[in-house]
Protein chains: 2
Amino acid sequence: MNQQFRELCKDKNISPSITRESVYDYLDGNETHPTVDEIYKELKPKLPTLSKTTVYNILKLFTKEDIILEINTREHKKRYELNNEDHAHFTCDMCGQIYDLPKVEVNYNLGGFNGFHIKHEEVNLRGVCKDCRDK
Amino acid sequence: MNQQFRELCKDKNISPSITRESVYDYLDGNETHPTVDEIYKELKPKLPTLSKTTVYNILKLFTKEDIILEINTREHKKRYELNNEDHAHFTCDMCGQIYDLPKVEVNYNLGGFNGFHIKHEEVNLRGVCKDCRDK
DNA sequence: CCTTATATTGTAACTGTTACAATTTTATAA
DNA sequence: TTATAAAATTGTAACAGTTACAATATAAGG
Ligand SMILES: [Mn+2]
Ligand SMILES: [Mn+2]
Ligand SMILES: [Zn+2]
Ligand SMILES: [Zn+2]
């Protein structure tokens, strides 16, 4: 059992079920930004009764609690990652892979938007990755 | 007839059909980042034979030709806008509205990513807008 | 006008997501 | 522990956005 996860749940006031812990553990240390389906397929062998709806439920809960981040891509599906170190993304137009980039500095110029409460900033780059370019 | 659009089509080597022109004109000067459905419903009265598939086709073509930009939101649908002045977006978590922000400066630190060809950079902020905060 | 290419249309299929009621598991307290 | 209530999980069906595709209509070129 993941002690760090149990404390996180205590903080967020949610119960640390085995299913939730499994989703968390899978995302922890995973840099692939998986889809719901990929998470489900990965966990199903270890949790044979797992339902895809449960994965959806957990991801929605984790997102609401800011434990994970939803990544909206131009594919018609969402991807997820742990909300750990702040970083930017580069998405390859050719192969679709999402690369993590070191955090970049963003300077705002928010004239006229000073009543806005900014909770999250996100930088997405798009283009062709090195692998695809070399082909 | 929109002369600017006809020249744009000449540049892109696509034919300036009335349907395409209508989609273009609707997006031009529209700051609401409409969905496919909104575009379709708006144009249908003026083009009674219009099919939603056609709207999809045109938006896909315009996106490929870099005439418009696809905006991927956390809603389960895409939004579109003309690819004119470069700007950032603020999306309100409460009401979902997308606000245009003046362009922000982004400083890259792309150590290890120097084979990458960056075609587009995008800055998305997220939080609560003034209107929703005041309620 | 004729011929060919392109654009548009309607329908059906596909896919990611959500709603919901039933069941199982977990938390709480007697 | 056992009883009770609350919460989590499950399976199914519905839903929504998107895409595939074949048929039709329109446009372009000679
Ligand atoms: Mn990432
Ligand atoms: Mn915009
Ligand atoms: Zn690539
Ligand atoms: Zn708002």
Side-chain angles (χ1 to χ4, degrees), chain A residues 1 5-6 8-10 12-26 33-65 67-80 96 98, chain B residues 1 5-6 8-10 12-26 33-65 67-80 96 98:
Chain A
M1 49 213 70
F5 176 69
R6 301 187 88 81
L8 182 59
C9 286
K10 212 163 212 168
K12 304 290 188 178
N13 206 38
I14 62 178
S15 68
S17 74
I18 183 70
T19 324
R20 287 172 180 168
E21 187 177 339
S22 301
V23 172
Y24 182 88
D25 285 346
Y26 177 59
H33 313 91
T35 61
V36 170
D37 221 61
E38 286 164 358
I39 297 168
Y40 172 74
K41 287 210 175 78
E42 176 73 23
L43 300 182
K44 183 71 172 171
K46 284 164 192 164
L47 304 170
T49 69
L50 183 64
S51 160
K52 201 179 280 184
T53 300
T54 301
V55 179
Y56 274 104
N57 289 340
I58 292 175
L59 291 172
K60 181 172 286 182
L61 175 69
F62 282 3
T63 302
K64 183 165 73 76
E65 298 292 343
I67 296 170
I68 62 176
L69 290 176
E70 243 180 44
I71 302 176
N72 303 111
T73 70
R74 49 187 0 174
E75 311 166 285
H76 185 44
K77 58 194 149 190
K78 290 173 178 167
R79 295 182 169 273
Y80 295 89
I98 300 175
Chain B
M1 50 212 72
F5 176 70
R6 301 186 87 82
L8 182 60
C9 286
K10 213 164 211 169
K12 304 291 188 179
N13 205 37
I14 61 179
S15 68
S17 73
I18 183 69
T19 324
R20 287 172 181 167
E21 187 177 339
S22 301
V23 171
Y24 181 87
D25 284 346
Y26 177 59
H33 313 91
T35 63
V36 171
D37 222 61
E38 286 164 358
I39 297 168
Y40 172 74
K41 288 211 174 78
E42 177 72 22
L43 300 183
K44 184 71 171 171
K46 285 163 191 165
L47 303 170
T49 69
L50 183 64
S51 160
K52 202 179 278 186
T53 299
T54 301
V55 179
Y56 275 105
N57 289 340
I58 292 175
L59 292 171
K60 181 172 284 181
L61 175 70
F62 282 4
T63 301
K64 183 165 73 72
E65 299 292 344
I67 296 171
I68 62 175
L69 290 176
E70 243 180 45
I71 302 175
N72 303 110
T73 70
R74 50 186 1 175
E75 311 166 285
H76 185 43
K77 60 194 149 189
K78 291 173 177 166
R79 294 182 171 273
Y80 296 89
I98 301 174

Between the protein and nucleotides 18-26 of chain C, which nitrogen or oxygen pairs come in under 3.5 angstrom?
{"residue": "dA19(C)", "atom": "N6", "partner": "Thr53(A)", "partner atom": "OG1", "Å": "3.4"}

Can you find a heavy atom in the side chain of Val36(B) that is under 4.5 Å from one in the side chain of Lys52(B)? yes
Using a cut-off of 4.0 Å on non-hydrogen atoms, how would the nucleic acid contact of Thr35(B) be classed: base, sugar-phosphate, or nothing? nothing
Does Lys78(A) reach the main-chain N or O of Arg74(B) with its side chain, forming a donor-acceptor pair under 3.5 Å? yes
Measure from CG on Leu59(B) to P on dT19(D) and round the result to the nearest Å. 10 Å
Closest to the 5' end of DNA chain D, once Pro16(B) and Val36(B) are matched to their nearest nucleotides, is Val36(B)
Judged by nearest nucleotide, the residue sitting upstream toward the 5' end of DNA chain D, Asp37(B) or Leu50(A), is Leu50(A)
With rounding to the nearest 0.5 angstrom, report the CG to OG1 distance, Leu50(B) to Thr19(B). 6.5 Å
Under a 4.5 Å cut-off applied to non-hydrogen side-chain atoms, are Tyr24(A) and Leu8(A) in contact? yes
What integer distance in Å separates Ile39(A):CD1 from dT9(D):P? 14 Å
Do Lys10(A) and Pro16(A) come close enough that some side-chain heavy atom pair is under 4.5 Å? no
Test of understanding: with side chain to side chain contact (heavy atoms under 4.5 Å, CB included), list the residues that count as partners of Glu65(B), not counting sequence neighbours. Lys12(B), Ile14(B), Leu61(B), Ile67(B)
For Lys77(B) and dT19(D), give me the distance from atom NZ to atom P, rounded to whole Å. 15 Å
